[in-house]
Amino acid sequence: LRCGVLVSGSGSNLQSIIDATQNGTLHSKIVCVISNKQEAYGLERARKHHIPDYFVNPKEEGYDEKVLALLQKHKVDLVVLAGYLKILNNTLIDAYKGRIINIHPSLLPKFGGKGFYGIHVHEAVLTAKEIESGATVHFVDGGIDTGSILLQKKLKIEENDTPENLQKRILNQIEHKILVEAIGLLEEREASMKVLVIGNGGRES
Ligand code: GRF
C-alpha cells in the first residue's frame, strides 16, 4: 500500500511504520508525510528516511484541499493519522472513504472524542479508576474517534500509574505494535482482493 502519514507531534507512531517497512514486516511504502505543525519532529523523521515531507499551514485557506492534492500527487491509497491532532473535513474523508485509519490511545468507544487527546486521555482513564486501558486503530468517518474499529489491544493499569507513565507504556507497548499490525491486515485485504479479481476474471460471467 502507498501510505500517506499525517502527524502533528513527535511521530513515534510514524517511526514504528518506517521501521516496519524497512525491516520487511510491512510491504507498504510511506510515500509522504504531512503535518499541520511546522516544528513536528515527525517531519524530521521523514527527512531522515528520504520520505517527502510537507508542512501545510492550517491557518491558510484551503488546508484540506492542499493536503488532498499532496496525497493524490503521491498516489496515496491509505491515509494514516499517527498522532495527528486536527479534525479532517469532508473533502478528505469523501476522497479517501474507507481508506483513512487513526490510532487513539484508549479502548474506544471509551475516552474518545473532543478533548480526549494526548495526556488528557490517560488522566481521564485514571480518574475513572479503570482497571485496564490500551489503544485502538479505527477507520476515520466524519466524527472524532468514531469510525469502525479495526484493531484494539489492552494492558493492565498498575496502582501507582501516573498519566505520564501510562501514556508511555501504551505508546511503546501497544500503539507502535497495533498500528503496524493494522496496516498489515489491510495489506492482506488488498492482496486477497487482487486474487479475487484475478480469480473472477477467469470464470465465465
Ligand atoms: C500520543 O499521545 C499518542 O498516544 C497519540 O498521539 C500522540 C503522539 O504520538 N496517538 P506520536 O509520537 O506523535 O506518534
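Here the structure is a predicted model, which means the values were calculated and not measured. Whatever order the structure lists ligands and atoms in, that order sets their numbers, starting from 1.
- Counting protein heavy atoms only, atom 4 (O) of ligand 1 is closest to E175 OE2, 2.6 Å.
- Partner L150 forms a side-chain contact (heavy atoms from CB on, under 4.5 Å) with one of N102, I178, T136, V137 and no other, that one being V137.
- Closest to atom 7 (C) of ligand 1 by heavy atom, among P105, S8, G83, is G83.
- Contact analysis leaves G42 out of contact with ligand 1, as no non-hydrogen atom separation drops below 4.0 angstrom.
- Ligand 1 is never approached by V7 to a heavy-atom distance shorter than 4.0 Å.
- No side-chain heavy atom of V7 sits under 4.5 Å from any side-chain heavy atom of R45.
- Residue V80 is tested with I103, L179, L186 for a side-chain contact (heavy atoms from CB on, under 4.5 Å); the sole match is L179.
- Of all the heavy atoms in L108 and H138, the pair that sits closest is CD1-CD2, 3.4 Å.
- Nearest protein neighbour of atom 9 (O) of ligand 1, counting heavy atoms only, is N13 ND2, 3.5 Å.
- Numbered from 1 in the order shown, with element, the atoms of ligand 1 that lie under 4.0 Å from a heavy atom of G118 read 2 (O).
- Ligand-side atoms of ligand 1 in range of G9: 13 (O), range being under 4.0 angstrom from any heavy atom.
- Counting only N and O atoms by type, the side chains of H176 and S12 include a donor and acceptor under 3.5 Å apart.
- Nearest to atom 2 (O) of ligand 1 among the protein's heavy atoms is Q167 NE2, 3.0 Å.
- Nearest protein heavy-atom contact of atom 13 (O) of ligand 1 is G11 N, 2.8 Å.
- Of the heavy atoms in L171, only side-chain atoms (C-beta onward) come closer than 4.0 Å to ligand 1.
- V125 and F111 make their closest contact through CG2-CD1, 3.6 Å (heavy atoms, listed as atom of the first residue, atom of the second, distance).
- A distance of 9.5 Å separates CG in L43 from OG in S8, rounded to the nearest 0.5 Å.
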